[in-house]
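Each ligand, and each atom within it, is numbered from 1 in the order the structure gives.
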Amino acid sequence: MRLRHLFLLAAAALAGTALADSWLRVRVSVPTEPALNRLLDSDLNLYSCCPTLGETDVALPHADQAKLWALGLRYRVVGKIDDPTQVGHRHGVAATDYRAEYFTMDEILGFFEGLRTQYPNNVSRQQIGVTRLGEAIWAYRIGRPLRTSGLPENNLVILGIQHAREWVSGSVVMHLGKRTAEEFANVFIRTSPYLPNRAVWIVPVTNPDGYRYSWTNNRLWRKNRRNNGNGTFGVDLNRNWSTGWGGSGSSGNTNSETYRGPSAFSEPETQAVRNLAQSLPRIAGMIDFHSFSQLVLWSWGYTTAAPPDAALLASVGADMRSALSGFGATYDAGQASTALYLASGVAPDWFYDVRRVPTYTIELRDTGQFGFELPPAQIRPTQDEAWAGFNALANRTTP
Ligand code: 0X9
Ligand code: ZN
């Protein structure tokens, strides 16, 4: 009898430890705007990219359920998940196939360096900044050899991985880099109308510190790794741009996933991309790749007011939406603030603001089943559809 009790106690203790350490996916009710804002202002790991009124999923340690109570949010547990803070997504085995595996920071840069070696006439790179942890931020130019006279080329700008955990964004910009280099280098396989006066600028990893952290410390990390000085880390780079900075859908709370930073362009990463853009005489269009939700979004994001070129942005966006939808996934499209939610200080709003050309956020796969942790089998079709969506934009912009 005694022994049996002891055994039960030990089992309970063990189970207790396991339970306390385990992580949950919970479905939170978000009935009102204030509730939504409390959620967006919190440091909870939002499972969804795009919470709106209704229900949204959150990943949290079993023991952190009290945080939801403290925020006055009702929820139910929908499942157990692996602890995303556990290291070990891949143990020292180098990835080889960018169509089937996620690449680390070094592997992504290695991939682009491979393109530079293979296509020396068409691919070059420029260091555009240094992160807070001292890492170079690179931009790759893909086009014809630089000309020194005539009308300056009209550039398309592509941003990858502003948000650390949105790994498929990196897979997509690698594919765009490779396919674009092939287009420029080999006229015989050319499938899109690349005109002589065009170049594509790709920033493969806009947020290197955050991206590395998502591989080593927390798979669901979103922001950069600024030390906010109060025990919290990170600025949401996609709330740090100057257009609409500080407005709705951004937070002044350093703990928040949408912390906007102390001032517009306070972060070296947004400064780097801004400086690159300012150095380009002409920009034809821009895409900022995120995940997930399968959406094509245009300005404004910071206000529900219609932008001056609303009809053009919607028309090009519709072309992109239908191109993206040809590979087994259905994309939707709309003005960011109304189709998704208000967010202030986002990159495409700034590019649109300063250049008045078509700029887009593309939210890649999926619609929430796997979310940020999209299974590697879906990398290839996501890359294919993104290439189609990119070409739809290229075809509609001024050469
Ligand atoms: O919130 C964001 O920065 C983007 N979604 S994500 O889940 N990838 O973080 C969406 C930005 C789109 N712009 C607006 N909704 N204004
Ligand atoms: Zn994002």
message = Tell me which one of H163, R260, K223 satisfies side chain to side chain donor-acceptor pair (under 3.5 Å) with D236.
response =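 Answer after filtering H163, R260, K223: H163.
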query = Does the side chain of R365 come within less than 4.5 Å of F292's, by heavy atoms?
reply =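 In short, these two side chains do not touch, never coming nearer than 4.5 Å.
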ask   = Which option, R222, Q162, R239, owns the non-hydrogen atom nearest atom 9 (O) of ligand 1?
value =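 Comparing heavy atoms across R222, Q162, R239, the nearest one to atom 9 (O) of ligand 1 lies in R222.
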message = As a check for students: among F292, Y341, Y360, identify the option with a heavy atom nearest to atom 2 (C) of ligand 1.
response =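 Going through F292, Y341, Y360 one by one, Y341 has the nearest heavy atom to atom 2 (C) of ligand 1.
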Sphere of radius 2.8 Å around the Zn ion (ligand 2) - protein N, O or S atoms inside =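 Result, waters dropped: H163 ND1, E166 OE1, E166 OE2, H290 ND1.
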inquiry  = Would a single hydrophobic cluster contain both I202 and M286, if residues Ile, Leu, Val, Met, Phe, Trp and Tyr are joined by side-chain heavy-atom contacts under 4.5 Å?
reply    =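 The answer is no; the residues belong to distinct hydrophobic clusters.
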query = Between V157 and L176, is there a shared hydrophobic cluster once you connect ILVMFWY residues whose side-chain heavy atoms come closer than 4.5 Å?
reply =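 Shared cluster, no.
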Atom indices of ligand 1 within 4.0 angstrom of [X] heavy atoms, with elements:
| X | value |
| --- | --- |
| N238 | 2 (C), 3 (O), 11 (C) |
| H290 | 8 (N) |
| L340 | 10 (C), 15 (N) |
| G301 | 16 (N) |

Any donor-acceptor N/O pair, N228 side chain to G234 backbone, under 3.5 Å =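 It does hold such a pair.
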ask   = For W241 and F265, what are the C-alpha separation, side-chain angles and deciding distance, and is it a ring pair (Phe, Tyr, Trp, His ring centres under 6.0 Å)?
value = CA-CA 6 Å; W241 300 74; F265 289 122; 5.5 Å; yes
Ring centers of W300, Y352 separated by less than 6.0 Å =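 Yes, the ring of W300 comes within the 6.0 Å limit of the ring of Y352, centre to centre.
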key: salt bridge (charged side-chain N to carboxylate O under 4.0 Å, His left out) between R179 and D384, intermediate numbers included   = CA-CA 10 Å; R179 291 292 292 109; D384 291 339; over 6 Å; no
key: Face-on cation placement of R321 at Y331 ring, 6.0 Å and 45° thresholds   =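 Output no; distance or angle outside limits.
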ask   = Do any nitrogen or oxygen atoms of E363 lie less than 3.5 angstrom from nitrogen or oxygen atoms of ligand 1?
value =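 There is such a contact, yes.
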request  = Would you check whether S337 has a nitrogen or oxygen atom less than 3.5 angstrom from a nitrogen or oxygen atom of ligand 1?
outcome  =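 The answer is no, given that S337 and ligand 1 share no N or O pair closer than 3.5 Å.
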task = State if S291 counts as touching ligand 1 under the rule of any non-hydrogen atom under 4.0 Å.
result =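 The answer is yes, since S291 has a heavy atom less than 4.0 Å from ligand 1.
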ask   = Listed by chain and number, what are the side-chain hydrogen bond (donor to acceptor under 3.5 Å, both in side chains) partners of Q294, not counting sequence neighbours?
value =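 Counting only residues at least two positions away or on another chain, Q294 forms no side-chain hydrogen bond (donor to acceptor under 3.5 Å, both in side chains).
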